[in-house]
Amino acid sequence: MDEFQDYVLLRNTYHAAIREVSTKLEILDDEFQVRYDYNPIHHMECRLKSPQSLFEKLERKGLDIRLESFYKITDIAGIRVICNYIDDVYAVASLLLQQDDIKLLRRSDYIKNPKESGYRSLHLVVQIPVFLSDRTEMVPVEIQFRTIAMDTWASLEHELKYKRVGGITSKMEAELKECAEAMAEVDRKMEQIHKEL
Ligand code: GTP
Ligand code: MG
């Protein structure tokens, strides 16, 4: 029962961390609106990892199902930031990282170095303090920054991959990778047009 209470408290702390980081991002986006009449963030999606996928991940990583193991999982709190253009991705990410209470734990730039699948996004794992009644918790939050085109590809690829029981064929994989490259080309062209305006 105590463990359950601790788990509920911990989930609440992760939820607080998501709200803190998403508020920071909204504040930056609002400031851009006021200063430049432009919103770099198209929209955001926040999620707290479900107990089931958390347990599955612990198992996959060979970790015990206990609270101490949670600290090894850095994507319990997740935020997806969908930006209009590639430049916006780097601008918003670097403004967030400049903030005093944000500590960078990991940065994976899958835009400069796309994954084998063709997947593109900038992943940051940051740590943010959450002030509780009796202590301050440093909570990790995984932020995935991507453009609308990258998000379209990732959503559809995910959907296609999980729809087929045996997974997708290598021919489909190659075709999806081509789609990712075509999307990247669209991103470059659209950004160019935006810059010329
Ligand atoms: P995990 O242990 O699975 O978190 O791997 P990791 O720590 O190496 O994380 P990684 O940087 O690979 O990012 C994992 C997350 O990125 C996933 O939960 C997806 O949201 C996203 N992702 C990574 N690769 C792909 C991909 O090929 N396709 C799609 N659609 N999403 C991906
Ligand atoms: Mg991860």
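- The side-chain heavy atoms of Arg146 and Leu122, taken from C-beta on, include no pair separated by under 4.5 Å.
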Does the salt bridge (charged side-chain N to carboxylate O under 4.0 Å, His left out) test come out yes or no for Glu56 and Arg60, once each step is laid out?
CA-CA 6 Å; Glu56 279 169 9; Arg60 205 165 62 236; 5.5 Å; no

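- Between the Asn84 side chain and the Ile148 main chain, no donor and acceptor come within less than 3.5 Å of each other.
- Between the side chains of Ser69 and Tyr71, not a single donor N or O lies within less than 3.5 Å of an accepting N or O.
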Checking side chain to side chain contact (heavy atoms under 4.5 Å, CB included) for the pair Met44/Glu26: CA distance, chi angles, key distance, verdict?
CA-CA 9 Å; Met44 277 193 278; Glu26 277 166 12; 3.6 Å; yes

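- The cationic atom of Lys112 (NZ for Lys, CZ for Arg) lies less than 6.0 Å from the six-membered ring centre of Tyr90 and within 45° of the ring axis.
- His158 and Tyr119 have their aromatic ring centers separated by at least 6.0 angstrom.
- His43 and Glu45 share a donor-acceptor pair across their side chains, judged by distance under 3.5 Å alone.
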Could you walk me through whether Trp153 and Cys179 satisfy the side chain to side chain contact (heavy atoms under 4.5 Å, CB included) test, starting with their C-alpha distance in whole Å, then the side-chain angles of each, then the deciding distance to 0.1 Å, before giving a yes or no?
CA-CA 8 Å; Trp153 182 90; Cys179 291; 4.0 Å; yes

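- The main-chain N or O of Leu9 is found under 3.5 Å from a side-chain atom of Thr13 such that the two form a donor-acceptor pair.
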Quick one: do Ile73 and Phe70 satisfy side chain to side chain contact (heavy atoms under 4.5 Å, CB included)? Show the steps, please.
CA-CA 5 Å; Ile73 308 294; Phe70 287 18; 5.7 Å; no

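- Counting heavy atoms of neighbouring residues, nucleotides and ligands inside a 6.0 Å radius, atom CG of Asp100 does not exceed 12 of them.
- Side chain of Asp29 to backbone of Ile41: a donor-acceptor contact under 3.5 angstrom is found.
- In terms of modelled atom types and a separation under 3.5 Å, the side chain of Glu20 and the main chain of Val130 share no donor-acceptor contact.
- Between the side chains of Arg19 and Tyr14, not a single donor N or O lies within less than 3.5 Å of an accepting N or O.
- With no hydrogens or angles considered, no side-chain donor-acceptor pair links Glu3 and Gln5 at under 3.5 Å.
- Arg120 places a side-chain N or O within donor-acceptor distance of the main-chain N or O of Gly118, the cut-off being under 3.5 Å.
- Although no hydrogens or angles enter the test, the distance criterion places a donor-acceptor pair under 3.5 Å between the side chain of Asp88 and the main chain of Tyr85.
- Taking CE from Met138 and CG from Leu105, the interatomic distance works out to 8.0 Å, rounded to the nearest 0.5 Å.
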